[in-house]
Amino acid sequence: MLVVIWQLSVGSCQLLVVSYHQSSVNSHQSSVNSQQSTINNPHNMRICFIGDSFVNGTCDPKCLGWTGRICAAACGQGHDITYYNLGIRGETSADIETRWFNEISTRLPHYADGRIVFSFGVNDTYLENEKIRIEVEKSIENARSILRSSKEIFPVLMVGPPPVIDADRTRRIANLSEQFSQVCNELNVPYLDVCTPLQNSEIWHKELTENDVSHPRAAGYAELAKIVHNWDGWKAWFKNINISDQETVTLFRAVGKKEMELIKESDFMAFPPRLSFQPTFYPVLHKAYAIQIARDWNTRDAASGYFGYVTRFRVAAEFLKKYPVQTVASSVHQEYWIPAEQLAEFNRNIVGKIEIFAEYQP
C-alpha cells in the first residue's frame, strides 16, 4: 500500500490523506504517459456544442447546421478548431442536464483548451396532451444547474432557443429565452437571444414554412449562424489565443495575497521562491481544483491574507515531461510536484504571462 499525504500547506482537511494500491498508481502513471504524448498545441481549441435538433442541424441538406458554419468561418480566419456536434433531436433541458458532463469528459481532457456552447429549450415548450413537456420553473432549474457546474470547468456560452411557426409556442419559447437570459446574467455566462431576431427574419420564416414548420434548411441555418458568428460572446474566444508556436500545457495555481503581490512585482512572469519550510511547488492541472483551494482554504488562512487567487499560465510541454502527474484524491485533484530548487527553471519555461483567472474573499 502506498500512502500519499496531500500538501498540508494548502489542502483542506478532507483531502489530507489518500491511499492507493501500488498497482493503481502504476496504472494511473501509464495513463498519464499516454496523455503526455498528445499535450495540447495552444493554437487548437476544442469546442463541444451540446443541445437539441437545432444544434444537430436537423433538416440541413448540407449537414452543417449553424455550429458547422460558425466553426468553418473561424477556421477560414486562421483559427485551429476541433469541434464536436453533440446535438440530439428531441432532447429537453432535463435530458441535457443528465448527459452533458459525460459528453465533455472524454472530449475535453485537462490539457486541452476546452470550451462549451449550450443551446436548448425548444423541446421544453412542446405540448403533450395539452401539458407543457417541461414546466418553465424546471427548465430554469435545469439550466442553472448545467451552467453553474460547467462554468467551473471550462469557458461557457449559451445560445437561446429559436422560434418556430406556431405563434403560441413561439411565445413560450420567447418567455423561456428571457428566463434563460436572466439565469446567464446571474452566473456571468454570455447569452445570445436568437428568438427575437429570427422572428423578424423572412428567410427563417420561409425556410420553416417550406419544411416541417420547426426546422429550417440550409439558408435558415446560415441565417442563424450569421447571428452567432457576429456575436461578441463568440468572437471574444478568438482574441489573443495564440501565445507561441511552442507546445504548452495549461496549468493553474491558487495563491494568497502576499504571493500575488510578488507575482505582480515580477510583471506576472514568475512565481516567487519557496520558503524554507516549503520543499515543493505544486501547480495543478484542473481549474476546479485550484478554485477549491483558493475559495475553501486561502480565504480562511491568515497567512494568505484571507484572499484566494486562481492563476492560469502555460508551461513548455518539453520541460514538464520529466515530471509525472500526481493524483492526490479524485481525477480532478492532479498536480505536478516541482522541487523548490527547480522553481527558477520552471519559471523560465512559463510561456507568456501568468493570468489572474479568479479572485475569492471571505
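Note that the structure is a prediction, hence the values are computed from the model and not measured. The figures here come from the full heavy-atom set of this structure, side chains too, leaving out hydrogens, waters and symmetry mates.
Side-chain atoms of F346 and Y336, non-hydrogen and from C-beta on, never get closer than 4.5 Å to each other. Within the 4.5 Å cutoff, side-chain heavy atoms of M45 are placed close to those of R115. Annotation: side chain of P155 is in contact with side chain of W237 (closest heavy-atom distance under 4.5 Å). Put simply, the side chain of W204 does not reach to within 4.5 Å of the side chain of Q199, judged on heavy atoms. In this structure the side chain of I173 reaches within 4.5 angstrom of the side chain of V122, judged on heavy atoms. Within the 4.5 Å cutoff, the side chain of I81 has heavy atoms near those of the I47 side chain.
Between E223 and K226 there is a salt bridge, with a side-chain nitrogen of the basic residue lying less than 4.0 Å from a carboxylate oxygen of the acidic one. Using a cutoff of 4.0 Å between basic side-chain nitrogens and carboxylate oxygens, K264 and E261 are not scored as salt-bridged. A salt bridge links D267 and K353; the closest N-O separation between the charged side-chain nitrogens and carboxylate oxygens is under 4.0 Å. Using a 4.0 Å cut-off between a side-chain N of Lys or Arg and a carboxylate O of Asp or Glu, K206 and E202 do not qualify as a salt bridge. Using a 4.0 Å cut-off between a side-chain N of Lys or Arg and a carboxylate O of Asp or Glu, K321 and E318 qualify as a salt bridge.
Heavy atoms only, all atoms of each residue included: F252 and H286 are closest at CD1-C, 3.8 Å. R99 and L86 get closest at one heavy-atom pair: NH2-O, 2.8 Å. For the residue pair A290 and V284, the shortest heavy atom distance occurs at CB-CG2, 3.8 Å. In this structure, G256 and N298 approach most closely via the heavy-atom pair N-ND2, 3.9 Å. Summarising the geometry of S139 relative to F180, their closest heavy-atom pair is O-CE2, 3.7 Å, with the distance given to 0.1 Å. For the pair L224 and W66, the tightest heavy-atom approach, listed with the atom from each and the gap, is CD2-CD1, 3.3 Å.
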Quick one: do T98 and D95 satisfy side-chain hydrogen bond (donor to acceptor under 3.5 Å, both in side chains)? Show the steps, please.
-> CA-CA 5 Å; T98 299; D95 299 315; 5.9 Å; no
Q) side-chain hydrogen bond (donor to acceptor under 3.5 Å, both in side chains) between Y323 and Q342: does it pass, once the steps are laid out? A) CA-CA 11 Å; Y323 301 100; Q342 297 175 22; 2.2 Å; yes
Practice task
For the pair R46 and Y84, evaluate side-chain contact (heavy atoms from CB on, under 4.5 Å) and give the outcome as yes or no after the intermediate values.
Solution key: CA-CA 8 Å; R46 300 191 188 189; Y84 302 95; 4.1 Å; yes
Legend entry - Full working for side-chain contact (heavy atoms from CB on, under 4.5 Å) between R253 and Y309: CA-CA 8 Å; R253 176 168 169 78; Y309 298 90; over 6 Å; no
Exercise for review: Go through F271 and F313 one step at a time and tell me if the ring-ring contact (aromatic ring centres under 6.0 Å, His included) criterion holds.
Suggested key: CA-CA 11 Å; F271 289 94; F313 49 98; 4.9 Å; yes
**Q.** Test log, rule side-chain contact (heavy atoms from CB on, under 4.5 Å), inputs D168 and L127
**A.** CA-CA 11 Å; D168 289 338; L127 293 181; over 6 Å; no
F54/H215 under ring-ring contact (aromatic ring centres under 6.0 Å, His included): CA gap, chis, key distance, verdict
CA-CA 7 Å; F54 293 97; H215 301 93; 4.9 Å; yes
After noting the C-alpha distance and the side-chain angles of E97 and E141, does the key distance pass the side-chain contact (heavy atoms from CB on, under 4.5 Å) rule?
CA-CA 10 Å; E97 199 275 336; E141 179 185 327; over 6 Å; no
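Note that OG of S119 is 11.0 Å distant from CG of L157, once rounded to the nearest 0.5 Å. For the atom pair CZ of R144 and CG of L187, the computed distance is 6.5 Å after rounding to the nearest 0.5 Å. Taken from CD in Q334 to OG1 in T327, the straight-line distance is 4.0 Å, to the nearest 0.5 Å. The distance from the CE atom of M260 to the CD1 atom of I354 is 8.0 Å, given to the nearest 0.5 Å. Remark: T209 OG1 to I165 CD1 distance equals 3.5 Å, nearest 0.5 Å. In this structure, CE on M158 lies 10.0 Å from OG on S150, to the nearest 0.5 angstrom.
No continuous path of hydrophobic side-chain contacts links I70 to L64 [ILVMFWY only; heavy atoms under 4.5 Å]. Linking Ile, Leu, Val, Met, Phe, Trp and Tyr whenever their side-chain heavy atoms come within less than 4.5 Å leaves V189 and V159 in two separate clusters. The cluster map of Ile, Leu, Val, Met, Phe, Trp and Tyr, joined by side-chain heavy atoms under 4.5 Å apart, puts F268 and I350 in the same cluster. Following chains of ILVMFWY side-chain contacts shorter than 4.5 Å, one cannot reach L192 starting from I146, and the two form parts of different hydrophobic clusters. V325 and F319 fall within the same hydrophobic cluster, defined by Ile, Leu, Val, Met, Phe, Trp and Tyr side-chain heavy atoms under 4.5 Å apart, directly or through other members.
Counted by atom type alone, E178 and Q182 present one or more donor-acceptor pairs between their side chains at under 3.5 Å. A donor and an acceptor atom, one from each side chain of N102 and S105, are nowhere located under 3.5 Å apart. No hydrogens or angles considered: a donor-acceptor pair under 3.5 Å links the side chains of R169 and T125. For the 3.5 Å distance criterion, the side chains of T58 and N56 qualify, holding a donor opposite an acceptor.
Within a 6.0 Å sphere centred on NZ of K235, heavy atoms belonging to other residues, nucleotides or ligands number more than 12. When the shell of 6.0 Å around CG of N188 is examined, it contains 12 or fewer heavy atoms from other residues, nucleotides or ligands.
Distance alone, capped at 3.5 Å, is enough to place a donor-acceptor pair between the N123 side chain and the E91 backbone. Side-chain atoms of S304 do not come within 3.5 Å of backbone N or O of R300 as any donor-acceptor pair. With N142 contributing its side chain and K138 its backbone, the two residues share a donor-acceptor pair below 3.5 Å. A donor-acceptor pair under 3.5 Å is absent between the side-chain atoms of D124 and the main chain of V136, judged by distance alone.
Each of V156, V117, I104 was checked for a side-chain contact (heavy atoms from CB on, under 4.5 Å) with C48, and the lone residue meeting it is I104.
Ring geometry for F49 versus W234: interplanar angle of 30 to 60°, hence tilted.
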